[in-house]
Structure formats: C-alpha cells, structure tokens
Amino acid sequence: MSKKVLNKYSRLLTQDESLPAAQSMIIGSGVPYDDLDKPFIGIGSTGFDGNPCNMHLAMFAALQKKSVQEAGMVGLIFNTIGVSDGITNGNDGMRYSLPSREIIADSIESITGAHFYDGLLFTAGCDKNMPGAIIAMLRMNRPAIMVYGGTINGGHYKGEKLNIVSAFEAYGKKLQGKINEEDYREIIKNACPGPGACGGMYTANTMSSAIEAMGMSLPFSSSSPARSEAKKRECQTVGEAIRLLIEQDLKPKDIITRASLLNAMKVITVLGGSTNAVLHLIAIAKTGGIELCMDDFQKISDTTPLLADMKPSGKYLMEDLFKIGGIPALMKFMLREGLLDGSCLTVTGKTVAENLVAVPDFPEDQDLIRPLSNPIKPEGHIQILYGNIAKEGAVAKITGHEGERFVGEAICFDSEADLNHGIHHGLVKPGHVVVIRYVGPKGGPGMPEMLKPTSAIMGAGLGDSVALITDGRFSGGTHGFVVGHVTPEAMEGGEIALIQDGDTIVLDAKNNSISVQIPEEILAIRKAAWKKPPYRVSSGYLWKYIKNVENASQGCITDL
C-alpha cells in the first residue's frame, strides 16, 4: 500500500531537482534539508501593533508554528495588512476598510500560490480580515483553518461596562452636555482595556461566529476571548487539526456549501449580528461558486428568531456568551430545536452534529439567549427592503427596539462629514429621515461605515425619533432604525441621489419596503436633471477599487 502524499503542493518546489536555487533559499530561511519532504503550512495573520484587534496575533502565529512543527510539518509565518474599523470610523481612513478585504484575500492567495503551501492557517482579528481570509482559502482550495484572534474583554468606568461603541456614543453625549469633559476622557481611556476585537455582536464577532458555524474554524474559536487560556490552547493544538485535514484531503469547498452558509446565516440571525455579514457572506458564496443572494437573508429572517440579548441593542458582550458555553452551546441548542443542518462537514473532519455531541448545554439560569417561546423578536433582525429608492435592495437592521415602520421628512447630506456637521449644529430634528448618500462602494469610495453619525444621533438622544438611510454601510455597533446598502448607489445614478429635503420617506420593515412618496414622473424629471459628480479619488488603490468593485447587492466583490 503506497504512502499517502501529504506534501502535494510543496513537493513541486522542494522535490524538483531542477529547482536547486529555490531549495537553497528555503534552507537558508531556516528549514533543515531533511524537512524538505514534509508538508509546508503557511501560518498567516493580520497582526500589527496599531489596533487592539490585531496587536496580539503575531504571538498566536508563533504558538501555531510550534504546534505545526510538533505535528511533523514545516510552519512558515507570513503577514498581511489589517485596517482597524474602530480607528478609521468617522474619518477618511474608513474608505480603505472594506477594500482591504480584497487586498487581504489577494495577498493570502499570492503567497500561498507562489510558495506552494500544502495547507493554510490564518489568524484574523478585525472585521474585514476574516472574510478576506475565507475568500482566499476558497480561491486556493487547499486544507485550511481560520483562527479567530478573540474578543476583547469589557472595560469599566463608574460601574458601567464599556466597549468601543461607548466611546463613539460619548461624543454625542458630550455635545448635548450629558457628560462632562472628565467623564468623556475616562470613557475613552477605559473602553478598550487590551487585546481583542470589539466586544459586542459587532462585525468581528459576527463574522467569527458565522465562520465557526460554516465549519471553517475549530469549535469555540469564535467566542473564546483573546486573553483566555482557551484561545491559547486552540493555537497550541491547531497543528494536529491541519494535519488531519491534509491527511483527509478535506478542503474549503468541501466544507463551505450552501447548507453551511445557511447555518452561518441562522446563527448570526439568532445572535442579532452585523448587517456587514450580508456583504461578506454573499462575497464568500460567489467566490465558492455557490448560489446566495440578499433574498436568502430575508428567507432566513422570516423563519429564524432573534434570541440573543447582546450589544449593541442588548446588554451582553461576547465574553459573556463564552462564559455560558460559547457558540458551540448556542449551536447545540439550535440543532436540538431544528434550526441547523447537522450534516455539514467542518475542519475537525467531523460534522456539525458530531462536534456538538459532548458540548454542555447552557446553564439553566442564563438569560443571554432567550428560549424560542420568548424571543426578543419572533423573526430575524436583518430585513431586505425594496422600493423606488432601492430598486436592487437595501439592508435594514431591525431588532425590535426601534419599531417596524417609520415615516418622516428627509434631510439630505452628501457625505458623512456634512451629516456630522449637521448633528453638531442641531439640524437633525425628531421625525427626520436622515439621508447620507454618495458614500457607496464607488461614491465613498469604499462604502464606509456610518458608526460615527449613528453614535452621535444616539448620544444626542435622537435614536428613537429619527431614522437613517444610506448607500454606505453600518458598523455592527450601530443600532436604531437604520437602512444601509441602498442599491443602486447615488454615484451610479440611484434614486437615493434624487431625494430632496422635505420629501416624505416611508420605511416599512414589516412589508419590506423603502420609498419616497413623490410621483414617478417627478422622480423622472429629477433623474433627467441629475449630473454625476466627480469621483473623490483619481489614483491609487481606491481608484482601482472604483473601477472593479461590484455593487452592494453583489457583495462588493472585485473578481466576478
């Protein structure tokens, strides 16, 4: 019986006698000659010093390298970029956030392909890191596991539990005189107490949960905090896990299927996850050649309840979910209730159901995850809206706290900066539907998040009395009656560009509609008079992005 070849890709480089220079350079980099016939594992991360989500990832990569070596393979560490959403929110740096997903995917693909790695481990921390890694894994389709860098622990000040959104909302409170300068400063100082991704059910924790649910990370990876012993153990044991995948030749396209993506969508619906998941899961599906569209999210929302009392709308953080059993306990609960497909394969080599057999149930006294008989909302929070200002769709996040219908007068801003100025000067009043446009994938460019203005609205006490629509997107930390991803975007001549101050806008999450209440002939006159403004950039990476990016309904992918 012939021995199974585990170095299927690297042997094309290390065992070809016509490539002595390549082999010499590999040896020169520290790989012993006798190890050239072992499987080569790329160990990547988005580790960099300038962001709590990513600052500790190099340490995790070092633990993984040791684990890979102990499993009889060669581990080779590499890095790619990360962009901090928390740091770039509310400024021009945010234009690079969503586009960085494509750079991350391209760079992982480049090094894995160029250096013939047999398998891939990738540790990601912030929002776009994770879908970028999964997109690259699907492109290469070699055995791969994503390791989440883990969630941050909550901060504290004056008896209040803090997180990154506390810092954003403090700005609005300060403007309204609700907190003094000292409180403002102390909230900033205490909101982020160390390493880890933003602590609520924001985009990082949403995507880590989705990726574990779809089978591409080990059980507990998405909910174990960055500074936990569980996270350390994960990094110390991942070598055996990736070796098992190589031995079984189990690849991302065997694991990521329509069924596994539906599992991921159901998990984030129960959790009240970020609307950014719509963009990212559609992009992942398209990369894998899997049929998935915005309407699939609506179908999931129609049949899946919101059960998790987690921030931004609720009170708990991801570290609190970890304490009661984490994502595996949630998945076991959902599987028992018939909400998950247990037959999907995972990176353990086992099915979802097999992974969950030994997982303990939630403790009886927990109130973070509601029972099906008492949901926070009987249907999902992600609602897909259509209408005369979103003919190709828009995405609303309706958790039940905001109501399901809003009618108000439009007040329009052609940039986030204009809106922030308007909030500061009291232009936004109760009853307004705030319109932020020309901030889509091409108009932004980069489809920036609108967390700063929504946080300022909340901090100013207007969260219950105004709504906001945009062709940009929202942070997972955003809450309130908000609608994003309006498509077509304003820069492409979408009808959101035609709205004028004082127009009546009706947002109806019950009937999934979004419309401006003016006759079609008036809209047609406005459209004929509309002139496309110049793009905000004309060179560099963002210019390349403008020329290649698909619209939000297509996941803002660049390689269709």
Side-chain angles (χ1 to χ4, degrees), residues 51 53 82-102 104 125-132 163-169 171-172 197-207 268 272-280 283 311-313 382 394-397 413-420 423 434-459 463 467-487 489-491 496 536 542 545 549 551-552 555-556:
N51 185 26
C53 309
V83 170
S84 167
D85 281 21
I87 292 172
T88 60
N89 245 301
N91 59 70
D92 280 349
M94 174 48 73
R95 299 183 303 176
Y96 288 92
S97 172
L98 182 59
S100 75
R101 185 188 73 185
E102 313 307 304
I104 291 165
C126 199
D127 300 10
K128 311 311 165 298
N129 303 180
M130 287 171 278
N163 63 91
I164 185 62
V165 176
S166 307
F168 278 105
E169 293 185 357
Y171 175 68
C198 301
M201 192 43 59
Y202 311 145
T203 306
N205 284 328
T206 297
M207 290 312 301
I268 63 173
S274 168
T275 52
N276 282 316
V278 178
L279 288 174
H280 297 320
K311 289 182 180 293
S313 295
I382 292 177
V395 181
K397 183 178 184 179
F413 301 91
D414 288 349
S415 73
E416 181 184 2
D418 288 347
L419 171 57
N420 291 331
I423 294 170
V434 177
V435 179
I436 318 177
R437 57 199 178 189
Y438 297 104
V439 290
K442 295 178 185 289
M447 203 181 180
E449 292 180 347
M450 300 291 116
L451 179 57
K452 183 176 178 180
T454 56
S455 296
I457 285 169
M458 285 292 174
L468 190 152
I469 68 171
T470 181
D471 53 6
R473 59 193 178 91
F474 295 109
S475 163
T478 294
H479 54 124
F481 205 127
V482 296
V483 182
H485 307 203
V486 171
T487 309
E489 64 173 294
M491 187 59 83
I496 191 172
R536 290 188 167 116
L542 292 178
Y545 188 77
V549 68
N551 67 35
C556 293

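Owing to the predicted nature of the structure, the values given are computational and were not obtained by experimental measurement. All residue numbers refer to positions in the sequence shown, counting from 1.
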Least distance between heavy atoms, I268 atom then A277 atom: CD1-CB, 3.3 Å
Between CZ on residue R473 and CE on residue M450, distance to nearest 0.5 Å: 8.5 Å
side-chain contact (heavy atoms from CB on, under 4.5 Å) partner of V434, the single match among T470, L419, T454: L419
Heavy-atom closest contact (V439 atom, I436 atom, distance): CG2-O, 3.9 Å
For A197, side chain to side chain contact (heavy atoms under 4.5 Å, CB included) partners two or more places apart: C53, Y148, A204
Heavy-atom check, side chain of L98 versus side chain of H280, under 4.5 Å: yes
L279 CG to N551 CG distance, which is reported to the nearest 0.5 Å: 10.0 Å
Worked verdict on F474 versus V395 for side-chain contact (heavy atoms from CB on, under 4.5 Å): CA-CA 10 Å; F474 295 109; V395 181; over 6 Å; no
Distance (rounded to the nearest 0.5 Å) between F413 CZ and L468 CG: 9.5 Å
Interatomic distance, N420 atom CG to N91 atom CG [nearest 0.5 angstrom]: 10.5 Å
Atom pair OG/CZ of S97 and R101 - distance to nearest 0.5 Å: 10.0 Å
A552 versus H485, closest heavy-atom pair with distance: CB-CB, 4.1 Å
D414: salt bridge (charged side-chain N to carboxylate O under 4.0 Å, His left out) partners, not counting sequence neighbours: R437
Non-neighbouring partners of D85 that pass salt bridge (charged side-chain N to carboxylate O under 4.0 Å, His left out), sequence neighbours left out: K128
Sequence-distant partners of P445, side chain to side chain contact (heavy atoms under 4.5 Å, CB included), two or more places apart: R95, R536, V537, L542, I546
D471 side-chain N/O to Y438 backbone N/O, donor-acceptor pair under 3.5 Å: yes
Minimal non-hydrogen separation, G86 against F168, with atom names: O-CZ, 3.6 Å
Verdict with supporting geometry, E416 and L451, side-chain contact (heavy atoms from CB on, under 4.5 Å): CA-CA 10 Å; E416 181 184 2; L451 179 57; over 6 Å; no
Working for side-chain contact (heavy atoms from CB on, under 4.5 Å), residues E449 and N276: CA-CA 9 Å; E449 292 180 347; N276 282 316; 3.1 Å; yes
Gap separating the CD1 atom of I457 from the CD1 atom of I423, nearest 0.5 angstrom: 4.5 Å
Side chain N89, main chain M94, donor-acceptor under 3.5 Å: no
Side chains of K397 and P312 in contact at under 4.5 Å (non-hydrogen atoms): yes
Qualifying residues under side chain to side chain donor-acceptor pair (under 3.5 Å), relative to N51, sequence neighbours excluded: N54, S84
Closest approach of N205 to G200 (non-hydrogen atoms, all atoms of both residues): ND2-O, 2.8 Å
Check: V83 main-chain N/O paired with S100 side-chain donor or acceptor under 3.5 Å: no
Listed partners of P441 passing side chain to side chain contact (heavy atoms under 4.5 Å, CB included), at least two apart: M447, E489, V549, C556
Residue pair T206 / S274: nearest heavy atoms and the distance that separates them: OG1-N, 2.9 Å
